[in-house]
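Below you'll find the structure, written out as structure tokens, and then a few comments.
A quick note: this is a predicted structure, and the numbers were derived from the prediction, not measured.
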Amino acid sequence: MTHTLARQAPTLGDRASRWGTIALGVGVIALAAAAYFGWAREDGFKRLQHAWLVACAFWLSISLGGLFFVIVQHLTRAGWSVVVRRVAELVAANTLVTAILFAPLVAMVLKGDASLYPWADPHHVAEHPLLAAKAPWLDAKFFALRVVVYFGTWFLIGRWLLKRSTEQDGASGVEPTLALERRAPPAMVAFALTLNFAAFDLLMSVVPTWYSTIFGVYVFAGSVMSFFAFSVVALRFLQKHGLLEREVNVEHYHDLGKFLFAFVFFWSYIAFSQFMLIWYADLPEETFWFKTRMEGPWAIVSVVLLFGHFLLPFAGLLSRHAKRRLGILTFWAVWLLVMQAVDMFWLVMPSVETSANPVTLAGIVSPIDVACLVGAGGIWLFALTKLAGGRALIPVNDPRLPQSLAFENF
Amino acid sequence: MTVDSTSALHLDEPYARPVLVEGDRDIAAVTRRVCGVVEAPKPPKAWYVAITITSAMTVMLFGCVAYLIATGVGVWGNNSPAFWGWDIVNFVFWVGIAHAGTLISAILFLLRQKWRTSINRAAEAMTLFAVCCAGLYPSIHVGRIWVAYWLFPVPNQMQMWPNFRSPLLWDVFAVSTYATVSLLFWYMGLVPDLATLRDRATTKLRKGLYGFFALGWCGSARHWQRYERAYLILAALATPLVLSVHSVVSFDFAVSQVPGWHTTIFPPYFVAGAIFSGFGMVVTTMVPARELFGLKELVTLRHLENMNKVILATGSMVGLAYATEFFIAWYGGNPYERFVFLNRALGPYWWAYWLMVFCNVVAPQFLWVKKIRTNLWAMFVISIFVNIGMWLERFVIVVTSLTRDYLPTSWGYFAPTWVDICTFAGTFGLFLTLFLLFCRYLPMVAIAEVKTVLPAAHPHGGHGHKEGAHHG
Amino acid sequence: MQHETPTLYGVLAEFASADELVAACKRVKAAGYEKVEAYSPLPLHEVNHALGHTSKLSSLIFCGGLTGALTGFGMQTYISVFDYPMNIGGRPYFSWPSFIVITFEMTVLFSALTAVIGMIALNGLPQPYHPLFNSAAFERASRNRFFLCIEADDPRFDLAEAKKVLASTQPLLVEEVPH
């Protein structure tokens, strides 16, 4: 092998606590701001819950995309990705904090507060035959149990992947890697099942009468896309601070860029399928969901998604050149992260009725949304730096590391 | 870090990359082995037996089609309320089979799965032949087959145009684009190999024929470079195309308001099912073909095992889609939807439903066991189950929904006629005849592509270095 | 025996492996030859690197795809909205979501046709005749041997010199190829 690595493993070192403190500080200030804006508003509590769901779903989706990525790397015994895998493992293992962030919403459901999930109110359900029919599923306790199962599964898988991979760093043999390969298939099965149903429970049931079988795939597509975007941004950030400069090169970014592009396209395909089928069949019990999103200011958000989440990044990332120019790639990665937030906003927020008439774009966006997004993000990033702590930022002793270091696109 | 073990199956060290070609691994030997099949003066006896049977079936197919055209579509079992019957079932079945070829050539290429090189040629050929079988059905189902060209936007004396808002027309475009692109892909891959056959030809006729189709390929570096660029972009185009074709087929059902058809997961679920059935068919045909033509060292057990893993993965996706559909049918609260799903499981076609679940969801689970997925007989049997199961899936979707519509007065029971059955059997004859002819007269393995995974193909000499790095 | 001396196409060297071919390419290129071409039974990126090949096929295909998309969407809009409007299910004539599928298919069709036809045309195929087909050894170029040819119309071409350069790269064989 011509490519070797200095045995000194790159770690965050004391930067971990410095960055962690900054993230936490920003997060707490943003949370305070969100609380203030919520308090100042008449329907503030309801708005706060919706905005909080958007924020949690956004950060969770990055972790889940990472979880998918890491499992697939072990499943396919991938060589190219080893140098970018540790960052992905850290992101994937960072689900405990999202569980904590989600907890207040579950508590609200258990308390019978129906401002986010209308089915949490038994009176409302009793009056509504469609909801009564699905009451066994949309039951507060059962819901809480399922949420525990989802987060528990993600937490266990994510932590186990990280633990074994870190074990490999100091191991003399390859046993941890083999174990990861052996367990990847069942982990994938568990991941697919939980993600699919979690999407129904956490996001789709905000409008409890609406249903779409593809919804889980839609959330999955956006999650994986935002993971790749986050991964590019995170690696660029680390490199700007002098970490992983030699290990991660343009070839790895090129591949991340290809996946980013592929998942932009995949998301568009799924989004189009869902929209077109419902639009075409035009059944009132389904169409209303899109009708809300095609009227007034929501139509603008839909058009923003059409262009911002599909057409522009598709054109922007099409050429090989764009994927290999790190400035261009990073720009699109940041852009797509913003779009993922817009997408989550678009899924959840139309449920909040606004009193303003006529409804304008300014009327549907609130500072609460931004504050929640930043607040949850600060805490999420803080937890990420805690996890990264003393760990090496690449799997230094991975048997496939030399392949990854030597990797070249043709 | 060169891997020199001859048995690819026991390589469990994570850094080791499996040997993709076993036995004599030099460039000349690979050329000899693949060309040998085509250049042998006589094919194996079994080939004659097989082609006699399959061509008889093909004759039966053409007989049935002639009878249908002469008499009318009424000779099929299609009748109120099931105006779609085996014609659409078989169409979707064959289009599904057609997905493995392009998946192997395009998606696995983009993912740098080098093991594809041994099987992509045969799988692409299967794609083409399956599209032929699929395309037959809609064109004979239109009734007046002599005006089938109305499906295309051809200016005509009546100044009429097709209706672009109909998913059936989308299908016309999707399937014909797919057929064209698959043909281009397949032919482009063949050109360098045809040049090899041309250069090795001993008779004037062979030299002339292979030479004509080889277009004067001389293997110049500049040609290779454009060739590779075109191949890469074709792969990048074929990848979304594969997704689109079966998605569009699923739109035929899903845009409607028929309970059991209108569900948004149909597009990805149909694509997963198509890949599943396509790989099933590739295993069904490759297991005997590699024995018959002595290509066991090129199409190794490792290749078959990988295909079985894809079958397991896509089969599980199909299972998840079934579960999701069932769950949302209940969750949605629509009584018609709930009824249709219960009716599938417990109604008059319960046998088809449970057989489908067994074949598509249960049978592939055996492939978790390494012993089973590396056993030729076991995988052959499972692949047959997959074929049957995926046919039944389309049957269940089409027939249970149509025979139990909103109005109980228009309920019915669909049964095929002998023409349905003979036509369907005949398409297998056509498919296998074309495949047997392909095996005999064209290189079954992409010679030039296999050469790229041999150690000799890698300047710098470091085999592990390059091959490993290019594994996805 | 009297026969016309045919004009020379170039000098051809045969190699046993890809390694040797790549080394030879670099050496011949370093000697200043421009009209050099390598021939191999499989694609070799290193050779393209050494000989400095680039291709404009990608941009051609992009144009093809764009044409396909515009044709597809334009055709459907023109027919369904202007030339032959039909009321189907009360939907608007300009039902753009229904036009997406065919637009996509046409994009792929046009790009794929451009890719293959463009590749064939840029490569000057089909070529029924190529001077190298005169060489008996060259038949192995599609099997297991690697060739390098210095063409006679290179401005620096000198028969003896070219043969010397090629001979210095340890070929299996060096021969003159007539037109």
Side-chain angles (χ1 to χ4, degrees), chain B residues 26-28 31 153 159-167 169-170 173-174 177 180-181 184-185 187-188 191-192 195-196 198-200 211-212 215-230 233-234 237-238 240-241 244 248 251 447-449 451-452 456-461, chain C residues 17-19 21-22 25 37-48 51 53 55 57-58 61 65 75-76 79-80 83-84 86 88-89 91 95 98-99 101-102 104-106 108-109 111-113 115-116 118-120 122-123 125-130 132-133 138-144:
Chain B
D26 96 28
I27 295 188
T31 314
Q159 306 200 346
M160 290 191 347
W161 293 109
N163 171 21
F164 288 104
R165 281 167 287 175
S166 163
L169 193 69
W170 307 346
F173 277 81
T177 300
T180 314
V181 174
L184 289 175
F185 214 175
Y187 177 63
M188 210 181 102
V191 167
T196 308
R198 170 198 68 199
D199 291 344
R200 288 171 55 100
F212 180 80
L215 304 174
W217 181 263
C218 60
S220 97
R222 201 172 277 283
H223 287 188
W224 272 124
Q225 195 223 6
R226 294 198 186 98
Y227 175 91
E228 287 232 286
R229 176 69 18 169
I233 293 176
L234 219 46
L237 289 165
L241 182 65
S244 85
V248 174
F251 291 163
I447 310 172
E449 286 190 53
K451 285 173 186 168
T452 63
H458 300 293
H460 323 319
Chain C
S17 79
D19 274 334
L21 176 66
V22 173
C25 283
E37 186 58 312
Y39 301 85
S40 55
L42 65 150
L44 292 168
H45 306 282
E46 291 79 2
V47 171
N48 292 125
L51 299 179
H53 290 156
S55 158
L57 197 56
S58 308
I61 297 170
M75 171 186 73
Q76 295 179 82
I79 290 176
S80 314
D83 199 45
Y84 195 58
M86 280 187 286
I88 288 153
R91 283 196 172 67
S95 290
S98 335
F99 300 161
V101 170
I102 293 180
F104 170 79
E105 302 295 340
M106 295 284 277
V108 172
L109 183 66
S111 329
L113 285 170
V116 175
M119 182 276 289
I120 290 175
L122 287 176
N123 281 347
L125 301 176
Q127 51 177 5
Y129 172 76
H130 191 284
L132 288 176
F133 292 158
F138 192 69
E139 284 197 348
R140 294 190 288 268
S142 64
R143 276 178 247 172
N144 59 339

Test item: Arg165(B) side-chain N/O and Ser95(C) main-chain N/O as donor-acceptor pair under 3.5 Å:
no
Between Ile102(C), Val116(C), Asn144(C), which shows the greatest number of heavy-atom pairs under 4.5 Å with chain B?
Ile102(C)
To the nearest 0.5 Å, what is the distance between CG (Leu42(C)) and CD1 (Ile447(B))?
12.0 Å
Do His130(C) and Ser220(B) have side-chain heavy atoms sitting under 4.5 Å apart?
no
Side chain / backbone / both / neither for Leu234(B) at chain C, heavy atoms under 4.5 Å:
side chain
When heavy-atom pairs shorter than 4.5 Å are enumerated against chain C, which of Met188(B), Glu449(B), Met160(B), Arg198(B) gives the highest number?
Met160(B)
Measure distances from Arg140(C) to the heavy atoms of chain B and classify the residue's part below 4.5 Å as side chain, backbone, both or neither.
neither
Heavy-atom contact with chain C under 4.5 Å, split by part of Phe251(B):
side chain
Measuring only between side-chain heavy atoms, which start at C-beta, is Thr196(B) closer than 4.5 Å to Pro41(C)?
no
Below 4.5 Å, heavy atoms only, C-beta onward: do Leu109(C) and Phe173(B) meet side chain to side chain?
no
Do the side chains of Ser58(C) and Ile233(B) get nearer than 4.5 Å, heavy atoms only?
yes
Separation between CE of Met119(C) and CD of Glu228(B), rounded to the nearest 0.5 Å
11.0 Å
Under 4.5 Å to a heavy atom of chain B? For Glu37(C) that would be side chain
Side chains of Ser142(C) and Trp217(B): does their closest heavy-atom pair fall under 4.5 Å?
no
In terms of heavy-atom pairs under 4.5 Å with chain C, the winner among Val191(B), Thr177(B), Thr31(B), Thr180(B) is Thr177(B)
Please identify, among Ile79(C), Leu125(C), Val47(C), Val108(C), the residue contributing the most non-hydrogen atom pairs under 4.5 Å to chain B.
Ile79(C)
So how far is it from Leu215(B) CG to Ile120(C) CD1, rounded to the nearest 0.5 Å?
5.5 Å
Closest-packed option against chain C by number of heavy-atom pairs under 4.5 Å, given Pro240(B), Gly216(B), Ala221(B):
Ala221(B)
With only heavy atoms counted, which part of Arg200(B) is less than 4.5 Å from chain C, the side chain, the backbone, both or neither?
both
Considering residues at least two apart in sequence or located in another chain, which fulfil the salt bridge (Lys or Arg N to Asp or Glu O under 4.0 Å) criterion with Arg222(B)?
none
In terms of heavy-atom pairs under 4.5 Å, which option from Gly118(C), Ala115(C), Ala38(C) contacts chain B the most?
Ala38(C)
At a heavy-atom separation under 4.5 Å, does Leu113(C) approach chain B through its side chain, its backbone, both, or neither?
both
Any non-hydrogen side-chain atom of Ser98(C) less than 4.5 Å from a side-chain atom of Phe164(B)?
no
Under 4.5 Å between any side-chain heavy atoms of Trp224(B) and Ser40(C), yes or no?
yes
Scanning both residues in full, the closest heavy-atom pair of Phe133(C) with Cys218(B) reads CE2-CB, 4.0 Å
If I take atom CG from residue Asn123(C) and atom CD from residue Gln225(B), how far apart are they, to the nearest 0.5 angstrom?
9.5 Å
Among Leu57(C), Asn48(C), Leu132(C), the residue with the most heavy-atom pairs under 4.5 Å to chain B is Asn48(C)
Just verifying a value: how many Å separate Gln159(B) CD and Tyr84(C) OH, rounded to the nearest 0.5 Å?
10.0 Å
Does the side chain of Glu105(C) come within less than 4.5 Å of Val248(B)'s, by heavy atoms?
yes
